[in-house]
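Okay, so here's the structure we're looking at.
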Amino acid sequence: MQFENVDGALVCRTGGELLRIEPWGKDSLRVRATMLGSFTGNVWALTERVEPHTGEIAFWQEDEWDGNGSPTPMPWASITNGRVKAVVNRVGVISFYRDGALCLREYFRSYGGTISRESRCLKIVNREWKGIIGGDQFALNLKFEANPGEKIFGMGQYQQQQMNLKGCVLELAQRNSQISVPFYVSNLGYGFLWNNPAVGRVTFGSNMTEWIARSTKEMDYFLTVGDNPKQILANYTAATGRADRFPEELMGLWQCKLRYRTQDEVLTVARQYQKEGIHIDQIVIDFFHWTVQGDWKFDKTYWPNPKAMVDELHSMGIRVIVSVWPSVDRKSENFYPMLERGLLIRTERGAAQTYDYQGDCVEIDPFNPETRRYVWEVCKKNYYDLGIDAFWLDNSEPDYGVYDFENYRYSAGPALSCSNFYPQMYSRVFYDEMRKASDAPVVNLLRCAWAGSQKYGNVVWSGDVPSTFEAFADQIQCGLNMGLAGIPWWTTDIGGFMTTDVGDPAFQQLLIRWYQFAVYSAVLRMHGDRGPYNIPALDDRDWGGGYLHTGQPNELWSYGEENYKIMRHYYEIRISMHDYIRHLYDEAHENGSPLIRAMFYEFPDDARCWELQDQYMFGEKYLVAPILRCNCFRREVYLPAGMWKLTSTGEIFSGEQTVSVDAPIEYSPVFERLA
């Protein structure tokens, strides 16, 4: 191993591998390695200009004993940046220390290492590169030692029961309702970013942690340390970016359903809300308002004057957001112009089709700057210039007909090497141009994200999840882990996306419990595909805005007087918290804190809080305990140290105990922190 100090970075060379470790912001290090002799220059998520730090680099030798008991001096090196230190031994194994205590070490079981003699015959190395025949990409396998008792949180959104990811295997790939944001927070006082958008896998095993990139040119990760998750997230978001200040006029109720089919339906709903004395901040026009996918324009049959519609909604103080998909149907007027100019995703074999819902479609390639210009120009003309305020960028994974990643290619390279970055590039089709057009914060709605997406005006929702209590419980941990991965603007479809019978009492109970939760979340947004599907189509065409089904009504008053009364009451609670919610959004902008927070985020010294995933903090003030089972009207809640007031009754409780409280359908337990 050859070590050198190159402009304050520790550079190591051995066996054809180039390794570079350098300071990257406060108490943080960036680690890169490649077998190609030089680095690509990609920053991926590490986009921000961080405070410059100079690494303290040291070189020395340590004796290594051979089989005959004779010592041989071997080179070692270290680099320190504030509270974090990386030590590299003579075969390139890296150990990381926080304030002198080991927190993470690469895994190595081979000759010449520092591991015991018994393990050397295994020949397992810490960084394994396997060249992909015929190209300059590699399959990369990076391993770390497992820390006993470690708890791991973040990584984005995975539809599962486990919030603590220790013991989990996670696909590093984007799917509908699965969002890979590869940053995690450890209870051992460090945070780790896998700064690589390649498709792959991570295993947080009890014997080792293993990161796999199926196709890449270099390894790239970032490690930061802190006293608590808030410090760690502040360091991480300083390097990857933070959300803008959220507009005050969008902190109330967003109204949506699958789907408003005409401009008259939209206006009727808006007028009724106005009559009811309920202000909706934004109304969402969902998919298939268009002619065909990829035309990106209103079907004039059912939307004859969208400008007049937008003007009337604006007169009520209601913003308008419209659905845009990245899929382009062969029947679209934009298909062949985009195909000929290379603006669509390519397939490596077989048909060109990448998406098959309601059409024979190929999706756009937003890695290509010309694609971004083309799509924006069409959407600007057909939407933005009419006064449309924001865009619902659905299917932003993208949602492939088959998630066969090795069959797709972008202008940036094979999908295996960069597909996880797709949602961020798709969001920038709109974000970059909207920022040029106005100084106002951009707020678009997306179904997917990657590390750093928080800085591109993305409200991320949890996807097309089922309308079940089990799915509802999963969304709690999804939202908490998304926040710990640096994505503070996160929301869900209230009541879940898919139900077959809105009259089912069990569904209505779920809807109320989900709505009560959403009031204490970043964005309060009504949406869902509501059965039964007995509403006739508007026409018998097989294209355009009239043929596809619509769900049942999904406004606050749509579920009967008793349910409306509850939702109306909780709407008033949301409005009463406006100044507090603004404060939480400001915190997200200033230090990266999420709005909904794992209990340990506010109480990192309370071991019990690291075990809880069925309750959370809405900022620093409110402890929220959602009801996650049908016909459950009482639940236990753990209260950390301090004094707490149950908001439904005013009863005062002392902390550091578990209490049992009533939870009638009218109330979901919420405690206000008094001291």
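Predicted model only: the values in this text are computed from it and were never measured. Only this structure's heavy atoms are used, side chains among them; waters, hydrogens and symmetry mates stay out.
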Requested in this report: Please collect all salt bridge (charged side-chain N to carboxylate O under 4.0 Å, His left out) contacts where either partner lies in residues 507-529, sequence neighbours excluded, each pair once.
Outcome: D493-R525
Query raised in the report: Under the salt bridge (Lys or Arg N to Asp or Glu O under 4.0 Å) test, which residues partner R30, sequence neighbours left out?
Result: D220
Query - Option passing ring-ring contact (aromatic ring centres under 6.0 Å, His included) with H527 (candidates W514, W392, F287) - result: W392
Report summary line: Tested for ring-ring contact (aromatic ring centres under 6.0 Å, His included) against Y456, the lone hit among Y431, Y426, F421 is Y431
Query - Salt bridge E433-K380, side-chain N to carboxylate O under 4.0 Å - result: no
**Report entry** side chain to side chain donor-acceptor pair (under 3.5 Å) involving Y384 - partner list, sequence neighbours excluded
**Finding:** none
Query - Side-chain touch H314/D389, heavy atoms, less than 4.5 angstrom - result: yes
**Report entry** Residue list, salt bridge (Lys or Arg N to Asp or Glu O under 4.0 Å) with E248, at least two apart or on another chain
**Finding:** R582
Report summary line: Partner of Y184 under ring-ring contact (aromatic ring centres under 6.0 Å, His included), picked from F222, F153, F204, is F204
Report summary line: Those residues at least two apart in sequence (or on a different chain) that pass salt bridge (Lys or Arg N to Asp or Glu O under 4.0 Å) with R574 are none
Requested in this report: Keeping to residues at least two apart or across chains, list the side-chain hydrogen bond (donor to acceptor under 3.5 Å, both in side chains) pairs with something in residues 465-475.
Outcome: Q159-Q475, S462-Q475
Query raised in the report: Is any side-chain N of the basic residue among E561 and K565 closer than 4.0 Å to the acidic one's carboxylate O?
Result: no
Report task. Ignoring hydrogens and angles, state whether a donor on the side chain of Y571 or E276 is under 3.5 Å from an acceptor on the partner side chain. Result -> no
Requested in this report: Over all heavy atoms of both residues, which pair between A449 and Q174 is shortest? Give the atoms and the distance, please.
Outcome: O-NE2, 3.0 Å
Query raised in the report: Should the pair W254 and F246 be assigned to parallel (<30°), tilted (30 to 60°) or perpendicular (>60°) ring geometry?
Result: parallel
Query raised in the report: Distance-only, no hydrogens or angles: does the N195 side chain make a donor-acceptor pair with backbone N or O of W44 under 3.5 Å?
Result: no
Query raised in the report: According to the interplanar angle, ranging from 0 to 90°, do the rings of Y221 and F96 count as parallel (below 30°), tilted (30 to 60°) or perpendicular (above 60°)?
Result: perpendicular
**Report entry** Donor-acceptor under 3.5 Å (D394 side chain, R447 main chain)
**Finding:** no
Query raised in the report: Looking at residues at least two apart in the chain, or sitting in another chain, which of them share a side chain to side chain donor-acceptor pair (under 3.5 Å) with T240?
Result: Q454
**Report entry** Listed partners of V269 passing side chain to side chain contact (heavy atoms under 4.5 Å, CB included), at least two apart
**Finding:** Q255, Y260, Y273, I283, E555
Query raised in the report: Is the backbone N or O of I665 less than 3.5 Å from a side-chain atom of Q516, with the two atoms forming a donor-acceptor pair by type?
Result: yes
Requested in this report: Search all heavy atoms of L595 against all heavy atoms of A522 and return the closest pair with its distance.
Outcome: CD2-CA, 3.8 Å
Report summary line: Residue pairs meeting side-chain hydrogen bond (donor to acceptor under 3.5 Å, both in side chains), one or both in residues 637-652, sequence neighbours left out, come to D606-Y638
Query raised in the report: Do N591 side-chain atoms and S593 backbone N/O form a donor-acceptor pair below 3.5 Å?
Result: yes
Report task. Identify the heavy atoms of C168 and Q162 that sit nearest to each other, and give their distance. Result -> SG-CB, 3.8 Å
Query - Residue pairs, two or more places apart or on separate chains, that pass salt bridge (charged side-chain N to carboxylate O under 4.0 Å, His left out) and touch residues 476-488 - result: none
Query raised in the report: Considering residues at least two apart in sequence or located in another chain, which fulfil the salt bridge (Lys or Arg N to Asp or Glu O under 4.0 Å) criterion with E590?
Result: R245
Query raised in the report: Does anything in residues 615-629 pair up under side-chain hydrogen bond (donor to acceptor under 3.5 Å, both in side chains), and if so which pairs, sequence neighbours excluded?
Result: H583-E620
**Report entry** Exam field: side chain R597 to backbone P594, donor-acceptor pair closer than 3.5 Å
**Finding:** yes
